[in-house]
Every structure is written in structure tokens, then in C-alpha cells.
Amino acid sequence: GAFLGDKNDPYVKFSYDKWSQQTNFIDGGGSDAHWDDLYYSTNVTKSNLETTPFNIEVWDANSGRSDTLIGQTSFLLSDYALEFDDDGDDTTINTNAGFKIKRNINDKNNKKVTGSIVIECMMKPSKEAIADLSTNIDVTDGVEKGILYITKIHGLNMIRDNDNNK
């Protein structure tokens, strides 16, 4: 557990392929923390969404000692960001709506749930995809290249496990 009266100062690191970002830490954010009005984006391709894991780590910022891992998760964005194309014969990147991804986070050994995280995202077609669509008469196959935007992150019931760092 945490030291008495010692609240988490959480921040989130996320990575996908060669792209990685991290939020600011929230001083005294505790076990429930919100990062609103985020504007992180990266290019994605349909094939990458199906094969490249999206990794999330939640950390507790500590001054004077190393930061503590609260929890982590990894998943494929294709589980959330793909839909069937117009003629139903293949999948395409869903660029029509935002979506929320809710995942449990686990300790570094993936043995214990240490909280959960909700990520609000949306997909837009890349400039290249828009150009392809405007020159292609058969748009039923949808978008193969897009841009992932992360707009909000909400951490829930995040309890750091001090065994995480042993």
C-alpha cells in the first residue's frame, strides 16, 4: 500500500509502434484522476492496428526517489477501431465516431489488478486516405490509413502496489 497520507501523483505513458507520449502528472490526484482536453495523435494503418500492441502504463511521480508503476495494459486497437466496410467483405478503420476503451491495469507481473483506465479516442482519415478516397470511385473498401486522436484519459481505483518495484 501507499504511505499514510501519501496520495498518488499519477501520470500516463502510452506507446504504439515507434510513437510514445506521456501526460503531465496530477499532484495529489489519488486513485481517480482525469486528464481532459488532451490532443495526442499518431498515424495508423489498418494492418498496424491488427498487429501492433498499444501499451499503457500508469505511474506515480515521486520526488527524491524513482517513480512507481501503478499498473499497465496492452491491447490491439483493431478490437476497438475497425468496422466492416460498406460491402461487408473486409474491415476498415471506423472514422465516423469517437470510442472509449476501458481496460483494467495490472501490476508489473500481470498478476493483480491495480485499477482501470478509460481512454477516449477518435479516428480520422489521414490526408493520404482522403486523397485516395477522392480519386477512387469504389470507396466501399473504406479507409486503410488514419490518424488516432487521444482526447481524454480517466484513471479509476488506481492503487499502487509497492511490490511492483521489488
Side-chain angles (χ1 to χ4, degrees), residues 1-84 91-124 143 146-166:
F3 297 108
L4 196 59
D6 183 17
K7 279 190 156 185
N8 289 334
D9 303 317
Y11 64 94
V12 181
K13 290 181 178 178
F14 40 94
S15 62
Y16 174 77
D17 205 11
K18 296 176 181 74
W19 176 73
S20 63
Q21 294 287 330
Q22 90 179 38
T23 65
N24 294 326
F25 76 90
I26 299 175
D27 193 18
S31 60
D32 290 346
H34 292 261
W35 293 267
D36 294 330
D37 302 318
L38 300 177
Y39 195 77
Y40 296 115
S41 65
T42 188
N43 290 305
V44 297
T45 63
K46 189 184 117 174
S47 59
N48 261 14
L49 291 174
E50 295 172 324
T51 58
T52 304
F54 190 88
N55 304 300
I56 295 174
E57 296 175 343
V58 182
W59 289 83
D60 177 23
N62 297 309
S63 56
R65 61 189 199 278
S66 57
D67 293 354
T68 309
L69 179 70
I70 296 172
Q72 61 190 4
T73 186
S74 187
F75 54 91
L76 291 175
L77 284 165
S78 58
D79 294 343
Y80 303 92
L82 297 184
E83 64 180 0
F84 280 105
T91 53
T92 182
I93 296 174
N94 180 351
T95 57
N96 297 322
F99 53 97
K100 286 184 183 179
I101 299 170
K102 183 171 183 186
R103 303 278 305 182
N104 282 339
I105 54 173
N106 299 300
D107 66 7
K108 74 174 184 187
N109 299 315
N110 277 322
K111 295 221 176 359
K112 189 155 86 177
V113 174
T114 54
S116 63
I117 193 149
V118 178
I119 305 141
E120 292 190 32
C121 315
M122 63 183 171
M123 291 290 229
K124 297 287 179 199
V143 176
I147 304 169
L148 169 72
Y149 292 94
I150 296 173
T151 55
K152 290 183 181 182
I153 300 175
H154 182 191
L156 299 148
N157 305 314
M158 300 182 301
I159 307 297
R160 71 173 184 261
D161 177 6
N162 285 343
D163 296 337
N164 256 336
N165 294 320
K166 291 183 181 157

Atom pair [atom1]/[atom2] of [X] and [Y] - distance to nearest 0.5 Å:
{"X": "Asn8", "Y": "Asp27", "atom1": "CG", "atom2": "CG", "value": "11.5 Å"}
{"X": "Trp35", "Y": "Gln22", "atom1": "CH2", "atom2": "CD", "value": "11.0 Å"}
{"X": "Trp19", "Y": "Ser41", "atom1": "CH2", "atom2": "OG", "value": "7.0 Å"}
{"X": "Phe99", "Y": "Leu77", "atom1": "CZ", "atom2": "CG", "value": "6.5 Å"}
{"X": "Ile101", "Y": "Ile150", "atom1": "CD1", "atom2": "CD1", "value": "8.0 Å"}
{"X": "Leu76", "Y": "Glu50", "atom1": "CG", "atom2": "CD", "value": "9.0 Å"}

Backbone N/O of [Y] and side chain of [X]: donor-acceptor pair under 3.5 Å:
{"X": "Ser31", "Y": "Ile159", "result": "no"}
{"X": "Asp107", "Y": "Lys111", "result": "yes"}
{"X": "Thr151", "Y": "Glu120", "result": "yes"}
{"X": "Asn94", "Y": "Leu82", "result": "no"}
{"X": "Gln72", "Y": "Lys108", "result": "yes"}
{"X": "Lys102", "Y": "Ser116", "result": "no"}
{"X": "Ser78", "Y": "Leu49", "result": "yes"}

If you take all heavy atoms of Ser47 and Thr51, which pair is closest and at what distance? O-OG1, 3.0 Å
Nearest atoms (heavy-atom pairs only) where Ile26 meets Ala33: CD1-CB, 3.9 Å
For Asp60 and Met158: C-alpha separation, side-chain torsions, deciding distance, then whether side chain to side chain contact (heavy atoms under 4.5 Å, CB included) applies. CA-CA 10 Å; Asp60 177 23; Met158 300 182 301; over 6 Å; no
Just wondering, do [Y] and [X] contact through their side chains at under 4.5 Å, heavy atoms?
{"X": "Asn157", "Y": "Asp32", "value": "yes"}
{"X": "Thr52", "Y": "Asn48", "value": "yes"}
{"X": "Thr92", "Y": "Glu83", "value": "yes"}
{"X": "Ile117", "Y": "Ile153", "value": "yes"}

Set out, in order, the CA-CA distance, both residues' side-chain angles and the distance that settles side chain to side chain contact (heavy atoms under 4.5 Å, CB included) for Val44 and Ile147, then state yes or no. CA-CA 6 Å; Val44 297; Ile147 304 169; over 6 Å; no
Could you go through the side chain to side chain contact (heavy atoms under 4.5 Å, CB included) check for Arg103 and Ile56 one step at a time? CA-CA 10 Å; Arg103 303 278 305 182; Ile56 295 174; 5.8 Å; no
Run the side chain to side chain contact (heavy atoms under 4.5 Å, CB included) check on Lys124 and Thr95 step by step: do they pass? CA-CA 5 Å; Lys124 297 287 179 199; Thr95 57; 5.5 Å; no
Under the ring-ring contact (aromatic ring centres under 6.0 Å, His included) test against Phe75, which residue among Phe14, Tyr16, Tyr80 passes? Tyr80
Against Trp59, only a single residue in Asp67, Asp9, Ile70 fulfils side chain to side chain contact (heavy atoms under 4.5 Å, CB included); can you say which? Asp67
Looking at Lys152, I want to see if its NZ is surrounded by more than 12 non-hydrogen atoms of other residues, nucleotides or ligands under 6.0 Å. no
How about CG on Asn24, more than 12 heavy atoms from neighbouring residues, nucleotides or ligands closer than 6.0 Å, or not? no
